[in-house]
J.: 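Sharing a structure here in structure tokens format.
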Number of protein chains: 2
Amino acid sequence: MYSMAEPGAQAGAIAELLKSLGLTKYEALVYIALLQASGATATEIHELSGVPRASVYPVLERLSQKQLVSVSNTSPKRFNPKRPDEAIESLLQSVENDATRAKKVLNRIYSLSSRIEREDQELIWSIHGDEHIRARLLELLQGAEESILIIFYWDHLKAELIEKLLSLKKGVRVEIITDGWTAPLPDHINVVIKAPPKETPRETGQKWLAGGVFIIDKKMAIVVMGSKDEGFTALYSESVGFIRFFTMYWNFFSNWE
Amino acid sequence: MYSMAEPGAQAGAIAELLKSLGLTKYEALVYIALLQASGATATEIHELSGVPRASVYPVLERLSQKQLVSVSNTSPKRFNPKRPDEAIESLLQSVENDATRAKKVLNRIYSLSSRIEREDQELIWSIHGDEHIRARLLELLQGAEESILIIFYWDHLKAELIEKLLSLKKGVRVEIITDGWTAPLPDHINVVIKAPPKETPRETGQKWLAGGVFIIDKKMAIVVMGSKDEGFTALYSESVGFIRFFTMYWNFFSNWE
DNA sequence: TAAATGTTGTTATCATAATAACAACAAGTG
DNA sequence: CACTTGTTGTTATTATGATAACAACATTTA
């Protein structure tokens, strides 16, 4: 039994997707099986889905609670799936309901709470992981109102960064120090090309060192650094000291060589 | 310690909501606590949330993976929550992504699968539960193209049903037998008032018997019946026998007394 | 300064509940 | 009878929730 055209092969992957809509693995598998054989009996479903026959019954019960399948009153019972787009739409709907309700309450808690003013701006926050840093960085850049200073040696992110910068509103003055630039240059963006700061053989220590400094509106700075093997770390802060330091750093670089 | 205005009291309820967005109970509780004290330390969070101090660390780790909190690199560490609307929006976003991907694949499976034609129309399907029946019924009525025949003695649903019927497109001819009608009467709707079929003392057996018959486009019939204490059951089918039976039933009623 | 105390962050361990998987059986069906 | 269906109970297995113990520091106090 090595062939069977296994739709069950990809079923596992889809099951994962359906889990975030609140289904269990079995519920997902059973539903998927039913789509391939509307009106199947419990046993047929069991065979198609790989779910133990005994488990199929309670699972179908739950699915019919959730309005994803209907049950015939024949003997043996037969089951019918709700059309997938309807099904997913209705699951999503209920998640969205929860989301808006949660949003409402949480927002109240957030604004209502006499949040202890802890001089957030004096703290330095850190983020780990390529993806997280990327997301946060783009988010922060998006919020820029006046000016952005950048030092940038990080090939991986280059394309996305450029795109984001080009999409900023005109009023924002952008100054960039980097090792190469191929995109169009609106007049509010000023690029200075500099060779990467290869402090002698970079292979000493780690390979593929990359990094960047971003200073936004003179009141928020983000520093990214990392290497292929150690992963990336970013710091960001509104602390005046932090900003002053990296502004100096930027100026130093800007006037170098 | 009986007062303290317990925001933790409702926290449990909100935690439930957040679970459908993919958070665990602890993740929810910790995040909620953080909203009340941005920039708190692990210990403070522990005190506010009731989550064991040792558990707070891994939970915060997961939350920061999910981009819901950021971490300072001070000692002790301090934590900052993402603004609740952003947070929820981004969680919801990822669920929606999964949903659309799932929808795509499932629809393909559904349409592609040489669904064994099992003469669905010969089967009779059943639904249980007030809410489920309501939802399905309205959905089916919505799909009507030509005609709807109705026998209706079910106070609970009356308002919604009327609304739905009035919202149908003009082409659909509607014939209703019921015990009372107060809404406006467009000329494609025809109502016959009849006293409920009280087959002598209805208290014999169950109290509050209610029910209805709906025949849509002469090719789909839904029958609802139930009582306050036993709950409701609905049958629906495209079986010709089923439809013929209830059409006769309708005619019988229509010409009665 | 040395000892005592408290805090933080980390790890290991245990408990519990949800889900998954299996085995057994009674009732129904042909 | 042989077979299938539907149901029940029991046992893994996993994810999550909860507790305990500890090393590293920092703070206090004598």
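Each chain gets a letter, A, B and so on, in the order its sequence line appears, and its residues count up from 1. All values below come from the heavy atoms of this structure, side chains included, with hydrogens, waters and symmetry mates left out.
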J.: Ignoring hydrogens and angles, state whether a donor on the side chain of A/Arg136 or A/Tyr236 is under 3.5 Å from an acceptor on the partner side chain.
T.: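 A/Tyr236 and A/Arg136 do have a side-chain donor-acceptor pair below 3.5 Å.
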J.: Please tell me which of B/Lys77 and A/Thr24 maps to the more 5' nucleotide of DNA chain C, matching each residue to the nucleotide holding its nearest heavy atom.
T.: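 The residue closer to the strand's 5' end, by nearest nucleotide, is B/Lys77.
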J.: Roughly, in whole Å, what's the span from CG in A/Leu23 to P in C/dA18?
T.: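 In whole Å, C/dA18 P and A/Leu23 CG are 17 Å from each other.
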J.: Using atom CD1 of A/Ile45 as one end and atom C1' of D/dT4 as the other, report the distance to the nearest whole Å.
T.: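 Between C1' of D/dT4 and CD1 of A/Ile45: 15 Å.
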J.: Over how many whole Å does the gap from A/His46 atom NE2 to D/dT4 atom P extend?
T.: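 Nearest whole value for this atom pair: 11 Å.
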J.: Just how far, in rounded Å, is C1' of C/dT7 from CD of B/Glu47?
T.: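 Going from CD in B/Glu47 over to C1' in C/dT7 covers 12 Å.
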J.: In whole angstrom, what separates A/Glu27's CD from C/dT19's C1'?
T.: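 So the two atoms are 10 Å apart, to the nearest Å.
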J.: Looking at B/Ser55, does any N or O in its side chain come under 4.0 Å of the phosphate oxygens OP1/OP2 on D/dT19?
T.: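 For D/dT19, OP1/OP2 do not have a side-chain N/O of B/Ser55 under 4.0 Å.
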J.: Without placing hydrogens or testing angles, list every side-chain donor-acceptor pair under 3.5 Å for residues 48-55 of chain A, not counting sequence neighbours.
T.:
{"residue": "A/Ser49", "atom": "OG", "partner": "A/Ile45", "partner atom": "O", "Å": "2.7"}
{"residue": "A/Ser49", "atom": "OG", "partner": "A/Val51", "partner atom": "N", "Å": "3.1"}

J.: If each of A/Gly50 and A/Arg53 is mapped to the nucleotide of DNA chain C with the nearest heavy atom, which maps nearer the 5' terminus, i.e. the 5' end?
T.: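 Mapping each residue to its closest nucleotide by heavy atoms, the 5'-most match is A/Gly50.
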J.: Testing B/Gln67, B/Arg62, B/Glu61 for side chain to side chain donor-acceptor pair (under 3.5 Å) with B/Gln65, which one passes?
T.: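 Of the listed residues B/Gln67, B/Arg62, B/Glu61, the side chain to side chain donor-acceptor pair (under 3.5 Å) partner of B/Gln65 is B/Glu61.
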J.: From NZ of B/Lys19 over to C1' of D/dA15, roughly how many Å is that when rounded to an integer?
T.: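 Going from NZ in B/Lys19 over to C1' in D/dA15 covers 12 Å.
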J.: How many angstroms lie between CD1 in B/Ile109 and CG in B/Leu112, if you round to the nearest 0.5 Å?
T.: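 Output value for this atom pair is 9.0 Å.
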J.: Between A/Thr43 and D/dT5, is there a side-chain N or O to OP1/OP2 distance below 4.0 Å?
T.: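 Yes, because at least one side-chain N or O of A/Thr43 sits under 4.0 Å from OP1 or OP2 of D/dT5.
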J.: To the nearest 0.5 Å, how far apart are CD1 in A/Ile88 and CG in A/Leu18?
T.: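 That separation rounds to 6.0 Å.
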J.: For DNA chain C, what residues of residues 57-66 of chain B have any heavy atom nearer than 4.0 Å?
T.: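 B/Tyr57, in order of number.
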J.: Evaluate the side-chain hydrogen bond (donor to acceptor under 3.5 Å, both in side chains) criterion for residues B/Thr74 and B/Ser72: first the C-alpha distance (whole Å), next the side-chain angles of each, then the deciding distance (0.1 Å), finally the verdict.
T.: CA-CA 5 Å; B/Thr74 55; B/Ser72 84; 2.6 Å; yes
J.: Could you grab the distance from atom CZ of A/Phe214 to atom CD1 of A/Ile151, nearest 0.5 Å is fine?
T.: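 Reported value, rounded in 0.5 Å steps: 9.5 Å.
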J.: Just compare C/dT11, C/dG9, D/dG6 and give me whichever is closest to any side-chain atom of B/Ala54.
T.: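 Of the options given, the side chain of B/Ala54 lies nearest C/dT11.
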J.: Could you tell me how far apart B/Tyr26 (OH) and C/dT16 (P) are, to the nearest whole angstrom?
T.: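 The answer, rounded to whole Å, is 13 Å.
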J.: Would you indicate which nucleotide in C/dC22, D/dT19, D/dT5 comes nearest to any side-chain atom of B/Pro52?
T.: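 The nucleotide sitting nearest to the side chain is D/dT19.
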